[in-house]
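Presented below is the structure to which this report refers.
Since we're looking at a predicted model, the values are computed, not measured. For reference, positions follow the sequence shown, starting with 1.
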Amino acid sequence: MRILITGGAGFIGSHIADQLAADCHDVVVLDALLPQAHGSGGAPAWTAEHEFVEGDVRDPELLARLLPGVDAVCHQAAMVGHGVDPSDAPLYASHNDYGTAVLLAAMHAAGLKWLVLAGSMVVYGEGRYECVEHGVVRPGQRRVVDVDAGRFEPPCPVCGMPLRSGLVGEDAPLDPRSTYAATKLAQEHLAAAWARQTGGSVWSMRYHNVYGPRMPRDTPYAGVASIFRSALERGEAPRVMEDGKQRRDFVHVTDIARANVLALAANAGEGVLVPVNVCSGEPHTIGDLAMELSSAMDGPPPVVVGGARAGDVRHVVADPTRAHELLGFHASVRFADGVKAFATDPLRTSVTTTP
């Protein structure tokens, strides 16, 4: 197949491009080389292995030239991460949502009906929680006064008692709690509407916490693994917010890429968007990540600093069942092995923090 990968020079997109090319697919990489991820150094060296086009997914004329002859689109282009503050919102909405809308319109004009979308676990907000008395419940926003007092676990919204966190499935209610999260959910809605209108097929790959080689660094748009590693390389202890016990699913980027390759070979169904958790199935705490990385880098142990960023959630742990059943996907990189390798993995050079 000939596959267009938007954002294909980026952290995740580049690994997808490499795996598709290794499987003898014809890959076209489109990337705007946003400074938030790429700095000002131009196209990364690995793009030389593929047909590379520097350009913006929001450019309909460019897409009209690229899409003829393409069999499927793997849409990875996006602004990611927690960002700086609400001043980022126009950029997130423009790149993530308007960009997706332009791409979908261009795909319709070209008669294309196969899309794999980079989704995200951030659309869930908090994960799945159960109260002993009231069953499965949805906790509300954590109060600043509770976080400041070190009360990090969300209580039952009915009785106020402690909750037990569990595995969040794709059918869970969606509750985005950041600008980035809101734009990722909007992408799903746009793609679902496109699928219904055109008979198209969409997989939304809801990535959990991705880490691995080529991760961007020294930027507010990077993930927590990159932030911890940068601190350790400066000889500083990783600073862990809350009490370090917040649970996540850390999944290696090569597993993310392989899941996308599987999705590009499987029809989600005519006229539908199917969301799929892409995760390791091996939950760990943020503190676990910091400790493992500190040990692998012979650095100082993590420092727990309390507090929480606005919009942060306590636990999001994925149910991997649907990915197993529909795509045959099982993560292959174990947490301990992946984090040990990440200590010396090549990362992107420092990038600008100016939006």
Side-chain angles (χ1 to χ4, degrees), residues 1-14 16-17 20 25-44 46-81 83 87-120 179-180 182-195 197-198 200 202 204-205 216 221 260 264 273 348 351-352 354-355:
M1 293 200 307
R2 182 170 173 83
I3 300 164
L4 174 67
I5 306 176
T6 71
F11 169 40
I12 294 174
S14 66
I16 297 172
L20 285 170
H25 292 287
D26 187 9
V27 174
V28 182
V29 168
L30 172 65
D31 203 297
L33 301 179
L34 295 180
Q36 293 88 346
H38 296 276
S40 56
W46 51 80
T47 58
E49 302 297 320
H50 309 291
E51 181 181 340
F52 173 67
V53 178
E54 182 176 353
D56 198 317
V57 73
R58 298 172 296 179
D59 182 346
E61 294 182 358
L62 174 60
L63 293 176
R65 295 196 301 271
L66 292 179
L67 288 175
V70 166
D71 298 298
V73 175
C74 188
H75 184 32
Q76 306 295 313
M79 279 187 62
V80 301
S87 65
D88 280 333
L91 285 173
Y92 275 107
S94 179
H95 286 289
N96 298 0
D97 298 337
Y98 179 67
T100 298
V102 172
L103 174 65
L104 293 171
M107 290 180 66
H108 173 58
L112 272 170
K113 294 189 177 182
W114 201 310
L115 175 68
V116 175
L117 173 68
S120 175
T179 299
Y180 171 60
T183 64
K184 296 306 289 184
L185 181 54
Q187 282 185 309
E188 287 198 1
H189 288 322
L190 288 166
W194 170 85
Q197 292 168 340
T198 65
V202 184
S204 181
M205 313 296 281
Y221 306 95
N260 276 269
L264 285 162
L273 176 146
R348 295 178 186 272
V351 302
T352 178
T354 303

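- In this structure the side chain of Val73 reaches within 4.5 angstrom of the side chain of Leu112, judged on heavy atoms.
- Pairing each heavy atom of Ala17 with each of Gly8, the nearest pair is CB-O, 4.5 Å.
- Side-chain atoms of Ser94 never come within 3.5 Å of backbone atoms of Pro90 as a donor-acceptor pair (strictly under, hydrogens ignored).
- Judged by distance alone, with hydrogens and angles left aside, the side-chain atoms of Thr100 form a donor-acceptor pair with the main-chain N or O of Asn96 at under 3.5 Å.
- Under the 4.5 Å side-chain criterion, counting only non-hydrogen atoms from C-beta, Leu115 is in contact with His75.
- Between Ile16 and Gln76 there is a side-chain heavy-atom pair separated by less than 4.5 Å.
- Residues Leu67 and Ala110 share a closest heavy-atom pair of CB-CB, 3.9 Å.
- Separation of atoms CH2 (Trp194) and CG (Leu103) is listed at 8.5 Å; rounding is to 0.5 Å.
- The two residues Gly7 and Ala77 make their nearest non-hydrogen contact at N-CB, 3.6 Å.
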Next on the checklist: One pair to check against side chain to side chain contact (heavy atoms under 4.5 Å, CB included): Tyr180 and Val80. What are the steps and the verdict?
Outcome noted: CA-CA 7 Å; Tyr180 171 60; Val80 301; 3.8 Å; yes

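- Atoms CD and OG, on Glu49 and Ser14 in that order, are 11.5 Å from each other to the nearest 0.5 Å.
- Between the side chain of Tyr92 and the backbone N or O of Lys184, no donor-acceptor pair lies under 3.5 Å.
- Using modelled atom types, no side-chain atom of His95 and backbone atom of Ala78 make a donor-acceptor pair closer than 3.5 Å.
- Here the side chain of Asp31 pairs a donor or acceptor atom with the backbone of Ala9 at under 3.5 angstrom.
- In terms of modelled atom types and a separation under 3.5 Å, the side chain of Thr179 and the main chain of Ala89 share no donor-acceptor contact.
- At least one donor-acceptor pair closer than 3.5 Å links the side chain of Asp59 to the backbone N or O of Leu62.
- Met205 places none of its side-chain heavy atoms less than 4.5 Å from the side chain of Leu117.
- Atom NE2 of His25 is separated from atom CD1 of Ile5 by 10.0 Å, given to the nearest 0.5 angstrom.
- Two residues are said to be in side-chain contact when any heavy atoms from C-beta on lie closer than 4.5 Å; Ile3 and Leu264 meet this criterion.
- With rounding to the nearest 0.5 Å, the separation of NE2 in His189 from CG in Leu273 is 10.0 Å.
- Annotation: the span from Lys113 atom NZ to Thr198 atom OG1 amounts to 6.0 Å, rounded to 0.5 Å.
- Contact check for Leu30 versus Leu4: side-chain heavy atoms found under the 4.5 Å cut-off.
- Here the side chains of Val53 and Val29 are not in contact, with every heavy-atom distance at 4.5 Å or above.
- Taking the side chain as every heavy atom from C-beta outward, Leu33 and Pro44 approach each other to under 4.5 Å.
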